[in-house]
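Could you have a look at this structure, given as structure tokens, before my questions?
Both backbone and side-chain heavy atoms feed into the values below; hydrogens, waters and symmetry mates do not. Since the structure is predicted, the reported quantities are computational estimates derived from the model, not experimental observations. Order of listing sets the numbers, starting from 1, for every ligand and every atom in it.
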Amino acid sequence: MTHRPKSFRVGLIGCGRISDIYLTTLAKFNQVEVVACASLEPSESRAKAAQHGIPKACTPEELLEDPGIDCVLNLTIPAAHAEVSCKALLAGKHVYSEKPFVTDREDGKTLLDLAKQKGLLIGNAPDTFLGGRWQTVRRLLDDGAIGKPTGVFAHVGTHGTERHHPNPDFYYQPGGGPLLDLGPYYLTAMVFCLGPISKVAGMARRTFDKRQIENGPRNGAWMNVEVDTHSLSLLHFESGVLGQMTMSFDIWDSETPRFEIYGETGTICIPDPDPVHGANDFHGPVWLRTKETSRWSHQPRPTGRDFWEEIPPVHGFNENSRGLGLLDLAAAVEENRAPRASGELAFHVFDAMDAIARSGQSSTFEEIATTCARPSPLPIDFLSPVKDPAHAR
Ligand SMILES: NC(=O)c1ccc[n+]([C@@H]2O[C@H](COP(=O)([O-])OP(=O)(O)OC[C@H]3O[C@@H](n4cnc5c(N)ncnc54)[C@H](O)[C@@H]3O)[C@@H](O)[C@H]2O)c1
């Protein structure tokens with residue numbers, strides 16, 4: 001087994017809502033150590049440091065100047081991702097950022113070029129595709145369970161974030177919206193399973209000009225909506241697979257939520273791909289139906305969902321493991337390879353989303369300028385045995 005350093009020292013910038021699950025995951029492994037945290041609000045950084053036993057709370061500038069930090073974990077809001085990642089690279093640190101990678105195409109190119117020039121690695125969320133659910137889907141595909149893939153379908157309808165996020169403004173400002181917020185989970189999973197996208201079309205609308213915060217200290221405050229909140233897209237993959245995707249913040253309820261992959265000899269269904277419990281998370285059922293068990297087959301068959309065979313997970317990480325992509329990046333530094341949740345993958349996914357949005361304006365199909373390698377599956381023994389209790393906080 002490859003030797004890994006005792007710790008890869010990480011500095012966290014952005015101590016908001018999503019940081020807790022990252023810090024909880026990372027604390028389970030001795031391969032990385034979070035040594036400092038920073039945000040725009042000093043009291044928030046101090047509280048986060050106290051809560052998770054992080055030795056230092058400081059300003060983002062102090063964190064970037066700290067020579068003892070190998071990698072910046074960028075959990076700021078979307079509009080700040082590019083600037084914070086760029087500063088981290090300029091300070092000579094590897095970067096792992098939340099999604100979306102950037103909110104502007106030129107920024108994405110600049111980051112990839114800068115990382116290359118500096119010999120640093122850049123990784124990006126989502127890392128949900130490294131979890132047990134998506135690794136199981138990939139295994140089925142690689143084993144030929146549905147033959148050659150022909151199509152993919154993803155539908156996620158939510159009613160936005162104002163009922164659970166105390167500061168949901170950024171979801172309705174440039175860089176937010178369901179396509180950039182939810183799209184990365186589904187498009188990244190698609191690219192992991194089916195390879196890169198070559199051409200897209202899209203349409204979108206904005207249903208409400210204002211939305212009201214319905215939780216937390218700002219309960220009742222109104223926000224302006226500056227982005228489209230209901231997005232439809234058509235996807236053409238380099239392999240010839242055809243896809244369709246709906247991402248919405250304007251749907252109260254639906255019986256449709258599904259992620260499905262169609263093949264010449266069967267279908268893989270990932271039921272209930274909702275943002276909290278479903279396919280954009282690490283766990284959940286994977287169903288398979290082949291031409292032998294299909295409702296079109298001549299065999300006697302049960303009805304309803306009994307048709308579907310539930311496939312047990314073939315990999316670990318079947319719990320919320322946000323931060324797994326950063327653990328893989330730490331291993332990638334050691335092994336001198338690209339991280340699986342890479343900047344190139346995230347930029348290709350951003351490029352596809354940018355083109356979907358452009359297509360809504362141009363009313364034409366848009367070609368995707370970038371491509372990327374399909375990430376390899378996570379080794380089944382990655383970080384296994386997973387825990388060294390002596391190092392878990
Ligand atoms: N909240 C969720 O459920 C969730 C889930 C998955 C992914 N994400 C993603 O995680 C990221 C953060 O989301 P969140 O919900 O934690 O946001 P948040 O608003 O709760 O926290 C954002 C943090 O970033 C800091 N910050 C903002 N701009 C900064 C800047 N220029 N320099 C330094 N620090 C800055 C803020 O001080 C705050 O600590 C977003 O990209 C979001 O899309 C969030």
#### Entry: Passing option when Phe129 is tested against Phe192, Tyr185, Phe282 for side-chain contact (heavy atoms from CB on, under 4.5 Å)
Phe192
### Salt-bridge present (Asp66, Lys56; N to O < 4.0 Å)
yes
### Task
Name all residues meeting the ring pair (Phe, Tyr, Trp, His ring centres under 6.0 Å) criterion together with His315; count only those two or more places apart in sequence or in a different chain, and write none if there are none.
none
### Message
Ring centres under 6.0 Å, that's the criterion: do Tyr22 and His52 meet it?
### Response
no
### Query
Which heavy atom of Tyr171 sits nearest a heavy atom of Thr161, and at what distance?
CD1-OG1, 3.2 Å
### Summary
closest protein heavy atom to atom 31 (N) of ligand 1 is Ala80 CB, 3.6 Å
### Task
List the closest protein heavy-atom neighbour of atom 13 (O) of ligand 1: residue, atom name, distance to the nearest 0.1 Å.
Phe170 CZ, 3.7 Å
### Query
Does the side chain of Glu41 come under 3.5 Å of the side chain of Ser39 through a donor N or O and an acceptor N or O?
no
### Task
Could you name the option among Glu61, Lys99, His165, Lys87 that has the heavy atom nearest to atom 43 (O) of ligand 1?
Lys99
### The one among Ile21, Ile13, Thr59 that brings a heavy atom closest to atom 33 (C) of ligand 1
Ile13
### Task
Given side-chain hydrogen bond (donor to acceptor under 3.5 Å, both in side chains), test Thr293 with Glu309 step by step and report yes or no.
CA-CA 9 Å; Thr293 57; Glu309 180 190 355; over 6 Å; no
### Query
Does an N or O from Ser19, backbone or side chain, lie closer than 3.5 Å to an N or O of ligand 1?
no
### Query
What residue and atom, counting heavy atoms only, is the protein's closest point to atom 25 (C) of ligand 1, and at what distance?
Gly14 CA, 3.8 Å
### Task
Report the member of Asp181, Thr76, Asn74, Thr128 with the shortest heavy-atom distance to atom 34 (N) of ligand 1.
Thr76
#### Entry: 4.5 Å side-chain heavy-atom contact, Cys269 and Arg258
yes
### Summary
Minimal heavy-atom distance between Pro78 and Gly175, with the atoms involved, is CB-O, 3.6 Å
### Task
Over all heavy atoms of both residues, which pair between Ala331 and Arg337 is shortest? Give the atoms and the distance, please.
CB-NH2, 3.7 Å
### Task
With heavy atoms only and a cut-off of under 4.0 Å, state how Tyr171 meets ligand 1: side chain, backbone, both or neither.
side chain
### Query
Can you tell me the protein heavy atom closest to atom 21 (O) of ligand 1 and the distance?
Gly16 CA, 3.2 Å
### Query
What about Met203 and Val200, same hydrophobic cluster or not, with Ile/Leu/Val/Met/Phe/Trp/Tyr joined at side-chain heavy-atom distances under 4.5 Å?
no
### Query
Looking only at heavy atoms, is any part of Leu75 under 4.0 Å from ligand 1, and if so is it the side chain, the backbone, or both, or is it neither?
backbone
### Query
Got His165 and Ile213 here, is their nearest side-chain heavy-atom distance under 4.5 Å?
no
#### Entry: His81 N/O to ligand 1 N/O under 3.5 Å
yes
### Query
Any nitrogen or oxygen of Asn167, main chain or side chain, under 3.5 Å from a nitrogen or oxygen of ligand 1?
no
### Message
For ligand 1 and Cys15, I'd like to know whether there is a polar contact (N/O to N/O, distance under 3.5 Å).
### Response
yes
### Task
Please report which non-hydrogen protein atom sits nearest to atom 7 (C) of ligand 1, along with the residue it belongs to and the distance in Å to one decimal place.
Glu98 OE1, 3.3 Å
## Note on the structure
protein heavy-atom neighbour closest to atom 5 (C) of ligand 1 works out as Ile18 CD1, 3.2 Å
### Whether Arg322 lies under 4.0 Å from ligand 1, heavy atom
yes
### Summary
Pro78 heavy atoms within 4.0 Å reach ligand 1 at atoms 40 (C), 41 (O)
### Query
For ligand 1, is there an atom lying under 4.0 Å from some heavy atom of Tyr185?
yes
### Query
At under 4.0 Å between heavy atoms, which part of Leu40 makes contact with ligand 1: side chain, backbone, both or neither?
both
### Task
Could you pull out, from Glu41, Arg17, Glu44, the option with a heavy atom nearest to atom 36 (C) of ligand 1?
Glu44
